[in-house]
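Worksheet for the structure shown next.
Since we're looking at a predicted model, the values are computed, not measured. Each residue takes its place number in the sequence, starting with 1.
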Amino acid sequence: MSVKSIGLIVLSGLFLFIGSALARTPSPEGAQLYIISPADGAVVSSPVTVNFGLKQMGVAPAGIEKANTGHHHLLIDVAKLPAIDQPVPADDQHKHFGGGQTEATIDLSPGEHTLQLLLGDMNHIPHNPPVVSNKITITVK
């Protein structure tokens, strides 16, 4: 076998390995993610407690591989969802709850804010298809 053939085989194997490492975790049919509270349109005071709801799936901490589970990410004032084939960013607008939390208390400035939940797998990558809540709007007084 030539060096070129061996190189192509190694390169093909590497691409297969990388592709499988980044493969998205499947979500079950009917999975639903939602914000229990506050309600859409609510007028609230800061800090705001946000309660997360999930149907047809379970919650597991980041790093734990278990079928049909994930952990929450709270998107604050995000115009569009992050890339669904990459880990959810970790910043002031993308809050990670990798410990398996099902609620969070967050400080928000006065004014109008949007909140949305996105479920991530053990590696913070959205499922396939993504499990995402409706976006709600709240006003902080």
Side-chain angles (χ1 to χ4, degrees), residues 2-141:
S2 73
V3 172
K4 184 177 179 180
S5 295
I6 293 172
L8 286 174
I9 291 170
V10 169
L11 189 58
S12 296
L14 181 61
F15 284 131
L16 285 173
F17 174 76
I18 290 171
S20 66
L22 296 177
R24 292 176 51 212
T25 303
S27 59
E29 187 175 333
Q32 295 179 355
L33 185 59
Y34 54 97
I35 296 173
I36 298 169
S37 66
D40 188 27
V43 177
V44 298
S45 298
S46 190
V48 179
T49 298
V50 183
N51 292 288
F52 314 149
L54 180 62
K55 291 182 181 175
Q56 303 292 72
M57 290 185 76
V59 176
I64 302 297
E65 186 173 5
K66 186 173 181 185
N68 298 325
T69 67
H71 65 277
H72 297 95
H73 298 87
L74 179 61
L75 311 181
I76 303 168
D77 298 328
V78 173
K80 66 178 192 164
L81 292 175
I84 60 170
D85 61 347
Q86 299 293 315
V88 176
D91 56 33
D92 288 341
Q93 290 184 283
H94 303 83
K95 302 284 188 183
H96 287 238
F97 298 96
Q101 303 93 318
T102 58
E103 77 172 25
T105 300
I106 56 173
D107 289 313
L108 292 173
S109 61
E112 192 172 273
H113 297 278
T114 61
L115 303 175
Q116 189 172 27
L117 292 169
L118 176 60
L119 204 66
D121 68 8
M122 65 180 275
N123 297 311
H124 305 278
I125 298 173
H127 293 76
N128 185 21
V131 182
V132 61
S133 74
N134 290 330
K135 188 181 290 188
I136 68 164
T137 301
I138 61 171
T139 302
V140 177
K141 57 182 175 175

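- Looking at Asn128, its side chain never comes within 3.5 Å of a backbone N or O of Thr25 through a donor-acceptor pair.
- Side-chain contact between Asp121 and Arg24: absent, with no pair of heavy atoms (C-beta onward) separated by less than 4.5 Å.
- The side-chain heavy atoms of Ser45 and Val140, taken from C-beta on, include no pair separated by under 4.5 Å.
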Chi angles and distances behind the side-chain contact (heavy atoms from CB on, under 4.5 Å) call for Ile125, Gln86: CA-CA 5 Å; Ile125 298 173; Gln86 299 293 315; 5.9 Å; no
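- To the nearest 0.5 Å, atoms NE2 (His71) and CG (Asn123) are separated by 9.0 Å.
- In summary, of the residues considered (Val78, Asn134, Ile138), a side-chain contact (heavy atoms from CB on, under 4.5 Å) with Leu115 occurs for Ile138 alone.
- Looking only at side-chain heavy atoms (C-beta outward), Leu118 and Val131 stay at 4.5 Å or farther from each other.
- Using cut-offs of 30° and 60° on the angle between ring planes, the pair His124 and His73 is perpendicular.
- With contacts defined as side-chain heavy-atom distances shorter than 4.5 Å, the pair Ser27/Pro130 does not qualify.
- Of the possible polar contacts, none joining the Ser133 side chain to the Leu33 backbone as a donor-acceptor pair under 3.5 Å is found.
- Of all heavy-atom pairs spanning Ile136 and Pro38, the tightest one is CD1-O, 3.3 Å.
- Here the side chain of Ser46 pairs a donor or acceptor atom with the backbone of Leu108 at under 3.5 angstrom.
- Judged as a side-chain contact (heavy atoms from CB on, under 4.5 Å), and not counting sequence neighbours, the contacts of Asn51 are Ile36, Ser37, Thr49, Glu103.
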Criterion side-chain contact (heavy atoms from CB on, under 4.5 Å) on Gln116 and Leu81, from CA distance to verdict: CA-CA 9 Å; Gln116 189 172 27; Leu81 292 175; 3.8 Å; yes
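- A side-chain donor-acceptor contact under 3.5 Å links Asp77 and His113.
- Separating the CG atom in Asp40 from the OG1 atom in Thr114 is a distance of 10.5 Å, to the nearest 0.5 Å.
- Atom CD1 of Ile35 and atom CG of Leu117 lie 4.5 Å apart (nearest 0.5 Å).
- Side-chain atoms of Lys55 never come within 3.5 Å of backbone atoms of Tyr34 as a donor-acceptor pair (strictly under, hydrogens ignored).
- The number of heavy-atom neighbours closer than 6.0 Å to CG of Asp91, taken from other residues, nucleotides and ligands shown, is above 12.
- Annotation: side chain of Leu119 is in contact with side chain of His72 (closest heavy-atom distance under 4.5 Å).
- Proximity of a side-chain donor or acceptor of His94 to a complementary backbone N or O of Leu74 within less than 3.5 Å is not detected.
- Within the 3.5 Å criterion, the main-chain N or O of Pro89 finds a donor-acceptor partner in the side chain of His96.
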Under 3.5 Å donor-acceptor pairs involving side-chain atoms of residues 58-70, not counting sequence neighbours:
| unit_1 | atom_1 | unit_2 | atom_2 | d |
| --- | --- | --- | --- | --- |
| Thr69 | OG1 | Lys66 | O | 2.7 |

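- Closest of all the heavy-atom pairs between Gln56 and Gly30 is CG-O, 3.3 Å.
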